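The structure appears right after this line, and notes come after that.
These values consider heavy atoms only, across backbone and side chains, with no hydrogens, waters or symmetry-generated copies. If you're wondering where the values come from, they're calculated on a predicted model, not measured in any experiment.
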Amino acid sequence: EDGMLKKDIVKDVTIEQYEGYVYDINVPEYRHYFADGICVHNCIYGFRGSDIANILNFEKDFPGSKIVKLEQNYRCTGNILKAANAVIKHNENKYDKKLWTENEEGKLPCIYRAEDEYDEATYIVKQINRLKMEEYLKLSDFVVLYRMNSQSRAIEDILRREAIPYKMVGGLKFYERKEIKDIISYLRLAQNPSDNLSLTRVINEPKRGIGKTSLDQVEQMANHHETSMFEVIKDANLYGLNRVYLKSREFVDLIEDARAKKDTMSVSEFIQYMLKKSGYIKALEDEKTIEAENRLENLEEFLTVAMEFEKEEAENTLQDFLEGMTLSSDIDNVEEAEDSVTLMTLHSAKGLEFPVVFLVGMEEGIFPGFRSIGEPE
């Protein structure tokens, strides 16, 4: 439509009981392949359709078939495999196999019990500096892995503080993420409604039916009358922009209400108020997608940023908080150094290798996540 590609989205999956032959189809980009007339779905994640029952039932479904286990590992050291096998043996539903390698035993994994995420990040920096000196490693030899993108923020803070360059794989740096930029724009508007850049960013987040054409008209009118876009929107009917006037009432009320309230609440309370009142949180919750869940997690983390600011700042003003945000955003936009530490989620790390790997957030509720705890399989 209008030169854009349409996407089909699977909204619901139902499972029906069935006995008989199964014919699979090759779905592009979903890692299917055919071997001897059998279609194999090469997928390891449940949310992408992986189901251990497919393997466990295979011999039953195809009597007399020969099972070949691929048990030799060519990449990991012996001790890493031992650790993996020790974890996997606790699974109740599994296809028994014992991974082995001809590689050296290697070093034992180390466990550090940190007080909090900052202590954890500080430990990582100390180890990076030590190993660079003792083993002549480069920054690009190190990777930090976490389960949720929102966990990167505390690590980013400490790496920046210690002037260690880093890059993100499969995700954006914390202050570059859409939802973080959106909430900062809402806060900036509450502080200064004349901020046209922030206004154009969030007037349709969530959707309010004020399109680009309408915004262009508002901008032209504002330039002509030497006033802000917010002032034009507020009195849009007087400027002959009746459609904009009708669609923008809630938004105008929100910003004016926020201006009156911003000095009566702590920054974290004010952020919660803005996220709820604007409908931003509800719009994400209604999406019911993994991406929306990630965005909600990042917004939770942003609240943590505000709470930490409140602990450190006696004044606790929105103005001071926003100045700190500007600094963080500017640092994020600095050109990436070639030799830098890598940060990414475990899912993004599949198939990659690094000499030194840090796994962070190994605590119940994060790893495994709350959902996994309630589902023994």
Side-chain angles (χ1 to χ4, degrees), residues 1-2 4-17 25 27-32 41 43-54 145-153 168-187 201-211 247 250-251 254 268 271-306 344-350 361 363-377:
E1 211 172 324
D2 299 331
M4 289 173 69
L5 286 172
K6 271 188 169 180
K7 271 190 176 180
D8 290 335
I9 295 166
V10 178
K11 289 194 172 171
D12 192 33
V13 177
T14 56
I15 296 172
E16 291 179 20
Q17 293 305 314
I25 54 169
V27 181
E29 298 171 26
Y30 271 85
R31 303 174 190 79
H32 286 64
H41 186 94
C43 178
I44 62 167
Y45 300 128
F47 64 80
R48 286 190 188 149
S50 176
D51 186 349
I52 188 71
N54 295 338
L145 302 178
Y146 34 78
R147 190 182 79 82
M148 308 178 292
N149 273 308
S150 56
Q151 286 171 268
S152 75
R153 203 266 311 173
M168 314 286 290
V169 172
L172 290 168
K173 291 183 176 181
F174 188 76
Y175 294 104
E176 288 175 2
R177 292 170 193 166
K178 178 189 181 301
E179 58 281 7
I180 302 303
K181 283 182 167 181
D182 285 350
I183 183 56
I184 290 173
S185 290
Y186 266 118
L187 298 177
R201 181 173 184 93
V202 295
I203 193 160
N204 260 323
E205 296 290 347
K207 296 280 177 282
R208 296 187 178 93
I210 302 168
K247 297 277 183 184
E250 272 186 28
F251 179 75
L254 166 73
S268 59
I271 290 168
Q272 284 172 305
Y273 159 81
M274 285 299 273
L275 286 169
K276 189 178 176 187
K277 191 93 173 164
S278 63
Y280 199 93
I281 290 285
K282 187 177 185 307
L284 284 175
E285 286 171 345
D286 289 348
E287 258 186 59
K288 292 184 169 55
T289 62
I290 288 170
E291 190 187 348
E293 254 177 62
N294 284 334
R295 293 192 191 284
L296 288 165
E297 283 164 359
N298 288 332
L299 289 168
E300 282 288 326
E301 186 62 24
F302 188 69
L303 275 175
T304 308
V305 176
M344 66 173 117
T345 64
L346 276 126
H347 292 130
S348 305
K350 187 186 170 193
E363 57 187 83
E364 197 161 300
I366 292 180
F367 205 115
F370 279 114
R371 257 197 235 154
S372 312
I373 294 168
E375 298 173 10
E377 66 272 20

(request) Using the test salt bridge (charged side-chain N to carboxylate O under 4.0 Å, His left out), find all partners of Arg147 that sit at least two apart in sequence or belong to another chain. (result)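 Expected list: none.
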(request) Not counting sequence neighbours, which residues clear salt bridge (charged side-chain N to carboxylate O under 4.0 Å, His left out) with Glu285? List them please. (result)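 Here no residue qualifies.
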Rounded distance (nearest 0.5 Å) linking atom [atom1] of [X] with atom [atom2] of [Y]:
{"X": "Asp286", "Y": "Thr289", "atom1": "CG", "atom2": "OG1", "value": "11.0 Å"}
{"X": "Phe251", "Y": "Glu205", "atom1": "CZ", "atom2": "CD", "value": "11.0 Å"}
{"X": "His347", "Y": "Leu145", "atom1": "NE2", "atom2": "CG", "value": "11.5 Å"}
{"X": "Glu291", "Y": "Glu179", "atom1": "CD", "atom2": "CD", "value": "8.5 Å"}
{"X": "Leu346", "Y": "Met148", "atom1": "CG", "atom2": "CE", "value": "11.5 Å"}
{"X": "Ile271", "Y": "Tyr186", "atom1": "CD1", "atom2": "OH", "value": "14.0 Å"}

(message) I'd like to check the ring-ring contact (aromatic ring centres under 6.0 Å, His included) partners of Phe302; sequence neighbours left out, ordered by chain and number.
(response) Phe321
(message) According to ring-ring contact (aromatic ring centres under 6.0 Å, His included), who are the partners of Tyr273, at least two apart in sequence or on a separate chain?
(response) Phe270
Are [X] and [Y] side-chain neighbours, meaning at least one heavy-atom pair lies under 4.5 Å?
{"X": "Thr304", "Y": "Arg153", "value": "yes"}
{"X": "Leu187", "Y": "Met274", "value": "yes"}
{"X": "Glu300", "Y": "Ser150", "value": "no"}
{"X": "Tyr280", "Y": "Ile183", "value": "no"}
{"X": "Leu299", "Y": "Leu284", "value": "yes"}

What pair of heavy atoms forms the shortest contact from [X] to [Y], and how long is it?
{"X": "Gly211", "Y": "Asn204", "value": "N-ND2, 4.0 Å"}
{"X": "Leu254", "Y": "Ser278", "value": "CD2-CB, 3.8 Å"}
{"X": "Ile180", "Y": "Tyr175", "value": "CG2-CD2, 3.9 Å"}

(message) Quick check on Glu287: does its CD atom have over 12 non-hydrogen neighbours (other residues, nucleotides or ligands) under 6.0 Å away?
(response)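 Yes, because the 6.0 Å sphere around CD of Glu287 holds more than 12 heavy atoms from other groups.
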(message) Are more than 12 heavy atoms, taken from residues, nucleotides or ligands other than Lys178, located less than 6.0 Å from that residue's NZ atom?
(response)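 Check passes, neighbour count above 12.
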(request) List for me each residue that meets side chain to side chain contact (heavy atoms under 4.5 Å, CB included) alongside Lys247, sequence neighbours excluded, and say none if there are none. (result) Ile210, Arg243
(request) Tell me, please, which residues at least two apart from Ser185 pass side chain to side chain contact (heavy atoms under 4.5 Å, CB included). (result)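 Only Ser198, Arg201, Val202 meet the side chain to side chain contact (heavy atoms under 4.5 Å, CB included) criterion with Ser185.
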(message) Before you tell me yes or no, could you show the steps for Asn294 and Arg177 under side-chain contact (heavy atoms from CB on, under 4.5 Å), namely the whole-Å CA-CA distance, both residues' side-chain angles and the distance that decides it to 0.1 Å?
(response) CA-CA 11 Å; Asn294 284 334; Arg177 292 170 193 166; over 6 Å; no
(request) For Thr345 and Tyr146, run side-chain contact (heavy atoms from CB on, under 4.5 Å): C-alpha distance rounded to whole Å, both residues' side-chain angles, the deciding distance at 0.1 Å, then the answer. (result) CA-CA 5 Å; Thr345 64; Tyr146 34 78; 3.8 Å; yes
